[in-house]
Amino acid sequence: RKKIGILTSGGDASGMNACVRAVVLYGISKGCDVYAVYEGYQGLVDGGDYIRKMDWRSVTGYLSIGGTSIGTARCMAFKTHEGRLQAAENLVKHGIDSLIVCGGDGSLTGADVFRSEWTGLLDELITAGRITVDEAKTFRSMTIVGIVGSIDNDMSGTDITIGAVTSLHRICEAVDSVDTTALSHSRAFVIEVMGRHCGWLALMAGIATGADFIFIPEQPPSDEDWETSMCKVARRHRELGKRKTIIIVAEGALDKNLKPIKVDRIKDILSDRLGLDTRVTILGHTQRGGSPCAFDRILGTVQSVAAVDAVLSSSPDKPFPMIGMNNNKVTTQPLMDAVKLTHEVAEAIESRNFQRALELRDSQFLD
Ligand code: F6P
């Protein structure tokens, strides 16, 4: 009888609860015992009551609840060897032989490190007398499966991450609200959205709300003098009859020289050069809140079913999988490859090689 642990980790994302629910319900229906690990990797490190067996009713109402009801954390302890050793011991003590992790790129990187160390961790626990050779036997073939939950949509190897579309809806609602007041006063608004390394939310929100100008980290303005280019566009739109000006800025937006483009700077430019009455709105964590949209409930559900299936069909010779989406199909690929590609994209952006970053992002879909 398989004993599956499910945890959510990193920044919460709407739809994570759909994941937990589907792992619990589908896992039980397939004859497995399912355990929720509360508070992300921290719960794995702390063990005890943070690891609880779930039953059919444990997840009642989960589909429509935003965030993650089993808690999450950006856990420092799991980044240390001692923390991971403790986590391995807790898994063995609870008899959990498979772990499904729903989280963003940092969380899945953690899962990948844990995977690569697993055998060594078991040996270390045996040598230290913390577990017995017999206890370790069942766990030699521990399976770890990743599901991507992140509002940023910044993971390679999948078209879309759980929570991104809900956050995009939240942003659009907020921009629509700003629009009415902007129109009333004929004002300009500079709106900051989340996304430290990935401009997906800013770009999609800009298209969906008809923003005048968008700033994202991956594609800094090609023009050295982005201030003038932005003003030209905003002025032209005004000349064509627009009563409002909306600029959407990803929090990690950069200029050509990789200096951050900040909302207050944009506000000053619009006020000083175009004489526009300008306000700044930083959407902050409102973007992560609220009930998941239908898409994220479905995404969380179908991917979690695939994750449980991956656990049930796992074998020691198969690499640990990450569940993704490509062309509307649920995909399974080596977790290690997706993590590696995500880091390569981030490195390319950091070293200003934007063309390479775009090529790498595209390369994941070639086959
Ligand atoms: O990774 C998701 C995210 O929401 C980012 O877009 C944002 O930069 C970050 O998390 C904020 O993190 P925290 O909630 O820890 O402040």
Side-chain angles (χ1 to χ4, degrees), residues 6-20 23 36-45 50 62 65-79 83 99-114 146-171 174 192-205 216-218 249-253 282-293 295-297 299-300 303-304 322-325 335 338-339 342-343 345-346 349:
I6 165 80
L7 67 82
T8 52
S9 170
D12 65 287
S14 276
M16 281 183 163
N17 275 328
C19 276
V20 176
V23 169
V37 180
Y38 282 71
E39 314 304 337
Y41 288 122
Q42 192 60 52
L44 211 53
V45 174
Y50 288 106
Y62 265 40
I65 307 172
T68 165
S69 300
I70 62 170
T72 184
R74 297 196 193 276
C75 174
M76 296 318 286
F78 196 72
K79 292 193 173 158
L99 189 62
I100 298 177
V101 176
C102 177
D105 104 42
S107 306
L108 297 185
T109 304
D112 192 47
V113 173
F114 199 42
I147 307 178
V148 202
S150 164
I151 69 160
D152 294 338
N153 199 21
D154 56 351
M155 187 81 195
S156 294
T158 186
D159 292 350
I160 190 77
T161 60
I162 296 164
V165 173
T166 299
S167 288
L168 180 59
H169 279 298
R170 289 293 103 77
I171 294 169
E192 184 185 286
V193 303
M194 281 186 171
R196 275 175 297 193
H197 308 291
C198 184
W200 187 85
L201 284 173
L203 185 61
M204 294 303 146
I216 58 171
E218 297 93 328
V249 190
E251 62 178 332
I282 295 176
L283 297 185
H285 287 76
T286 57
Q287 297 162 84
R288 287 229 301 253
S291 182
C293 66
F295 182 83
D296 280 322
R297 299 179 196 198
L299 193 61
Q303 292 198 319
S304 297
M322 185 190 90
I323 310 298
M325 288 296 280
L335 175 63
V339 166
T342 303
H343 288 178
V345 170
I349 291 172

Original post:
What's the spacing between K79 NZ and R74 CZ if we round to 0.5 Å?
Top reply: 9.0 Å
Original post:
Do you know which two heavy atoms are closest between P217 and C198, and how far apart they sit?
Top reply: CG-N, 3.9 Å
Subject >> Candidate pair I70 and V37, rule side-chain contact (heavy atoms from CB on, under 4.5 Å), full reasoning >> reply: CA-CA 7 Å; I70 62 170; V37 180; over 6 Å; no
Subject >> For F78, ring pair (Phe, Tyr, Trp, His ring centres under 6.0 Å) partners two or more places apart >> reply: Y41, F114
Original post:
Are the side chain of T72 and the backbone N or O of G11 linked by a donor-acceptor pair below 3.5 Å?
Top reply: no
Original post:
Got a donor-acceptor contact below 3.5 angstrom from the S167 side chain to the Q287 backbone?
Top reply: yes
Original post:
If you take all heavy atoms of N153 and A164, which pair is closest and at what distance?
Top reply: CB-CB, 3.9 Å
Subject >> Backbone of I151 reached by a side-chain donor or acceptor of R288 within 3.5 Å >> reply: no
**OP:** State which residue, out of D12, T158, L108, T161, fulfils the side-chain contact (heavy atoms from CB on, under 4.5 Å) condition with S150.
**Re:** T161
**OP:** List for me each residue that meets salt bridge (charged side-chain N to carboxylate O under 4.0 Å, His left out) alongside E218, sequence neighbours excluded, and say none if there are none.
**Re:** R361
Original post:
What's the spacing between W200 CH2 and I160 CD1 if we round to 0.5 Å?
Top reply: 4.0 Å
**OP:** Carefully, step by step, assess D296 and T166 under the rule side-chain hydrogen bond (donor to acceptor under 3.5 Å, both in side chains).
**Re:** CA-CA 7 Å; D296 280 322; T166 299; 2.5 Å; yes
Original post:
What closest approach, in Å, do G10 and S107 show between heavy atoms, and which atom pair accounts for it?
Top reply: N-OG, 3.5 Å
Original post:
Going from CG on D152 to CZ on R196, what distance comes out if it is rounded to the nearest 0.5 angstrom?
Top reply: 7.0 Å
Original post:
Are any of the side-chain heavy atoms of M155 and V339 separated by less than 4.5 Å?
Top reply: yes
Original post:
So which heavy atom on L335 is nearest to which on A111, and how close?
Top reply: CD2-CB, 4.2 Å
**OP:** Please report the shortest heavy-atom distance between S14 and G290, naming the atom on each side.
**Re:** OG-O, 2.9 Å
Original post:
So, for V23 and S304, which heavy atoms are closest and what is the spacing to 0.1 Å?
Top reply: CG2-CB, 3.7 Å
**OP:** Output yes when a side-chain donor or acceptor of R297 lies under 3.5 Å from a complementary backbone atom of P292, and no otherwise.
**Re:** yes
**OP:** Might you work through the side-chain contact (heavy atoms from CB on, under 4.5 Å) test for V165 and L299, ending with a clear yes or no?
**Re:** CA-CA 10 Å; V165 173; L299 193 61; over 6 Å; no
**OP:** Can you spot which of V101, T8, I147 makes a side-chain contact (heavy atoms from CB on, under 4.5 Å) with C19?
**Re:** I147
Subject >> Nearest-0.5 Å distance that lies between atom CE in M322 and atom CD in Q303 >> reply: 8.0 Å
**OP:** Answer whether the closest heavy-atom distance between the side chains of L44 and L99 falls below 4.5 Å.
**Re:** yes
Original post:
Distance-only, no hydrogens or angles: does the N17 side chain make a donor-acceptor pair with backbone N or O of I65 under 3.5 Å?
Top reply: yes
Original post:
So, do D105 and H343 sit near enough that their side-chain heavy atoms are less than 4.5 Å apart?
Top reply: yes
Subject >> Sidechain-backbone polar pair: E192 side chain, G284 backbone, donor-acceptor under 3.5 Å >> reply: no
**OP:** Spell out, as yes or no, whether a donor-acceptor pair under 3.5 Å connects the side chain of E251 to the backbone of V193.
**Re:** no
